[in-house]
Amino acid sequence: MKVLIVGGVAGGASTAARLRRNSEAANIIIFEKGKDISYANCGIPYYIGDVITSRKKLVLVSKEYFKRQLNIEVRVESEVTAINRKRKTITVKNLATNAVYEESYTQLVLSPGASPIRPALPGIDDPRIFTLRNLSDMDAVKTYIQKQKPKKAAVIGAGFIGLEIAENLHKLELEVSIIELARQVMNVFDYEMATFIHQHLRTQHTELFLNDGVLKFEDLNGSLRVVLQSGRSITADLVILALGIKPESGLAKRAGLTLGIHGGIKVNDYLQTNDPSIYALGDAAEITDTVSGDNLLIPLANSANKQGRIIADNICGAKSTYKGTPGTIIAKVFDLTVAMTGNNEKQLKAKNRLFNKVYLSPAHCAEYYPDASELKLKLLYEEKTGLILGAQIIGEQGVDKRIDVIAAMLQNRRTVFDLAELELAYAPPYSSAKDPVNLAGMMAINQMQGKNRVVPWEELPKLKKENALFLDIRTKQEFRRDHIPGAVNIPFSEIRARLGEIPKDRTVILYCYQGKTVYFTLRILLQHGFTSVASLAGSYTLYKSVHAEQEHTGIFENKNE
């Protein structure tokens, strides 16, 4: 058995290692276009920002290790340019010598990864403009910073990589401007949740341009001028393009392998292409989304590792299937941790899925414990069954364990009822007796059982037109500081004594700061004959974030023209 693997890093390297554990007799060769076979590309921004100080730590396994420990041949700087399926051979170009040769296979594994998007804009080839995908890209940026000592940086694109590199350039004391074409950062989050990230970026002395793309790049007296589609412009000494990635599926397409609707390589449950002797995985393959059942491109290193294990087992005669992914992701954005799993609201609406949602802002540990910090949690669930469909969490602490719990429940098709009943570890430094995960489930159950009618934040303008009464039940001091325009203030402690001041012929929308006391107030009113009462989703915390200024520009002298 001779297995050729195109591409290393997470997918290709994990396939090769598992193959060797399964079969000592297999002839295994890995072909990698770059110079490194297995490296931690997720650590690249942190090496640039000097958080990780040793480059060696990013090189997980060398080609010498593969040969010495696993008896696997690795050929770096070797680009596979063609697949001849009839002859079962690949064509390889040695990038160091330009020699071209063929190699035969019994099974072929495609793990070519993805390439960064680099649009054909005027001035895009300026040497001060970089993309970040591999260690060579990282080295180029690191060397440029060390030699040229730039003072201003522009990051184009505000996805995970964009925000991570923005933070790390900021650590190096560069003035950082982030430019995003969409109206929000991190499009995998729903808009209202992304606004919490916007507000945090405002506190970090970084610029944020939204709803604006790059028109062109120009040289301006030795600096690089980034001209935006709106007519605004900024100057920079360094530009990082973080516009996303596209699957490297050209090799597969030229070989006649079927591609999916998103341009990735189409595979079955066994991760086989339409040619049974050719498998595909990682960033280049379209895999199944756990919630929707659709094929999607979900470029995650942990998914690629699992897929490599499955392919290796199947090559050796097993019938192992890949059951899909909920797309669980997490990232550090300055002092915040942001994470999500499953589908977001935008995806569910696109599929016409009937769903409901809850928002909560609990402390990550017991509220009375020192340094308790607030989480922002959104849970999406199926309206009729309570099936968990997705979650988004933002906070300074405790985000990772909550998203992992919900992701595990989602993958196992559990409901909000299961979420409410979970017995989780509790001690004041780590959680409350009712963990935020439990609370999210309980709030969803109350909604399903009709005990707590919630109105979405998007409906606020409509409710105002319908003459709804917004009742602020916070303290008088909190109300005086800020509130929803037109709202009436009756503190929660005075509600029972002042029921006569609340009209029964108008819809009453309750809100406090986080939503904790709203449910108590709603139950009081319903039991005193009020029939049209609801709570505002996310309460004042969400309202304030959504209605704040989202952009943050003009903070650097001579930055805007």
Side-chain angles (χ1 to χ4, degrees), residues 192-193 195-196 345 355-363 367 374-381 383 416 420 432 434 436 438-548:
E192 74 280 14
M193 295 298 286
T195 65
F196 292 115
E345 193 168 332
F355 68 93
N356 211 332
K357 55 188 175 181
V358 295
Y359 300 92
L360 58 158
S361 301
E367 286 188 352
E374 193 173 274
L375 296 171
K376 304 291 189 300
L377 194 158
K378 177 180 183 179
L379 179 71
L380 297 157
Y381 64 94
E383 199 170 75
V416 295
S432 53
K434 290 180 183 176
N438 300 131
L439 288 172
M442 292 172 184
M443 290 174 65
I445 292 168
N446 283 339
Q447 285 184 4
M448 291 182 70
Q449 294 176 345
K451 294 179 179 178
N452 184 14
R453 180 191 162 205
V454 178
V455 295
W457 62 271
E458 304 97 320
E459 292 186 10
L460 191 143
K462 175 177 173 242
L463 291 164
K464 283 187 173 181
K465 286 183 180 179
E466 294 173 353
N467 198 33
L469 172 68
F470 286 84
L471 185 57
D472 188 321
I473 59 171
R474 297 175 300 162
T475 65
K476 293 176 182 177
Q477 292 82 2
E478 290 172 323
F479 181 80
R480 279 197 295 267
R481 189 163 54 243
D482 51 15
H483 57 268
I484 295 175
V488 172
N489 178 225
I490 301 179
F492 173 67
S493 60
E494 302 175 16
I495 284 290
R496 289 183 178 88
R498 298 174 62 181
L499 288 174
E501 299 177 33
I502 305 172
K504 290 187 174 181
D505 59 348
R506 293 171 65 185
T507 297
V508 179
I509 309 299
L510 303 167
Y511 74 89
C512 58
Y513 179 64
Q514 296 175 325
K516 288 182 180 179
T517 52
V518 162
Y519 180 56
F520 295 115
T521 307
L522 184 142
R523 298 304 300 165
I524 291 169
L525 295 182
L526 288 177
Q527 292 176 69
H528 280 83
F530 291 83
T531 56
S532 184
V533 186
S535 58
L536 180 63
S539 256
Y540 194 71
T541 298
L542 185 63
Y543 170 87
K544 187 174 181 180
S545 186
V546 168
H547 288 83

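All residue numbers refer to positions in the sequence shown, counting from 1. Keep in mind that the numbers below use all heavy atoms, side chains included, and drop hydrogens, waters and symmetry copies.
In this structure, OG in S532 is found 9.5 Å from CD in E466, a value given to the nearest 0.5 Å. N356 CG to E383 CD: the interatomic distance, rounded to the nearest 0.5 Å, is 5.5 Å. Between the OH atom of Y513 and the CG atom of D472 there is a distance of 13.0 Å, given to the nearest 0.5 Å. In this structure, N452 CG and L526 CG are separated by 9.0 Å, a value rounded to the nearest 0.5 Å. Atom NZ of K357 is separated from atom OH of Y381 by 11.0 Å, given to the nearest 0.5 angstrom. The CZ atom of R498 lies 4.5 Å from the CD1 atom of I490; values are rounded to the nearest 0.5 Å.
At distances below 3.5 Å, at least one donor-acceptor pair connects side-chain atoms of S432 with backbone N or O atoms of K434. Checked by atom type and distance alone, the side chain of S545 never pairs as donor or acceptor with a backbone atom of L542 at under 3.5 Å. A donor-acceptor contact shorter than 3.5 Å links the side chain of Q514 to the backbone of S361. Counting only distance, with no hydrogens or angles, the side chain of R506 and the backbone of N467 share a donor-acceptor pair below 3.5 Å. In this structure a side-chain-to-backbone donor-acceptor pair under 3.5 Å is missing from N489 to L471. With hydrogens and angles ignored, the 3.5 Å screen pairs no side-chain donor or acceptor of E459 with any backbone N or O of V455. The closest donor-acceptor contact from the side chain of Y511 to the backbone of G538 lies at 3.5 Å or more, if one exists at all.
At least one side-chain heavy atom of F530 sits under 4.5 Å from a side-chain heavy atom of I502. In this structure the side chain of K504 never reaches within 4.5 angstrom of the side chain of T531, judged on heavy atoms. Side-chain contact between K476 and E494 is present, with heavy atoms from C-beta onward closer than 4.5 Å. Under the 4.5 Å side-chain criterion, counting only non-hydrogen atoms from C-beta, D482 is in contact with Y540. With contacts defined as side-chain heavy-atom distances shorter than 4.5 Å, the pair R453/Q447 does not qualify. Residues L460 and I484 meet the side-chain proximity criterion, which asks for heavy atoms closer than 4.5 Å. Two residues are said to be in side-chain contact when any heavy atoms from C-beta on lie closer than 4.5 Å; M443 and L360 meet this criterion. When side chains are defined from C-beta on, R480 does not count as touching E478, because their heavy atoms never get closer than 4.5 Å.
Both cation-pi conditions hold for K376 and F196: the charged atom is under 6.0 angstrom from the six-membered ring centre and inside a 45 degree cone around its axis.
Note: F520 and F492 have tilted aromatic rings, judged against thresholds of 30 and 60 degrees for the angle between ring planes.
Counted within 6.0 Å of NZ on K451, heavy atoms from surrounding residues, nucleotides or ligands total 12 or fewer; the atom is thus considered open. With a 6.0 Å radius and a threshold of 12 heavy atoms from other residues, nucleotides or ligands, R496 has its CZ atom at or below the threshold.
Between G441 and L379, the closest heavy-atom pair is N-CD2, 4.4 Å. Of all heavy-atom pairs spanning C512 and S539, the tightest one is N-OG, 3.1 Å. Across all non-hydrogen atoms, the minimal contact from F479 to A487 is CZ-O, 3.5 Å. Annotation for S535 and L522: closest pair N-CD1, 4.0 Å, computed over non-hydrogen atoms. Contact record, A468 with I509: CB-CG1, 4.1 Å, taken as the closest heavy-atom pair. Contact between L469 and P503 at its shortest, heavy atoms only, is CD2-CD, 3.6 Å.
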Evaluate the side chain to side chain contact (heavy atoms under 4.5 Å, CB included) criterion for residues L536 and V518: first the C-alpha distance (whole Å), next the side-chain angles of each, then the deciding distance (0.1 Å), finally the verdict.
CA-CA 9 Å; L536 180 63; V518 162; over 6 Å; no
For Y359 and T541, what are the C-alpha separation, side-chain angles and deciding distance, and is it a side chain to side chain contact (heavy atoms under 4.5 Å, CB included)?
CA-CA 10 Å; Y359 300 92; T541 298; over 6 Å; no
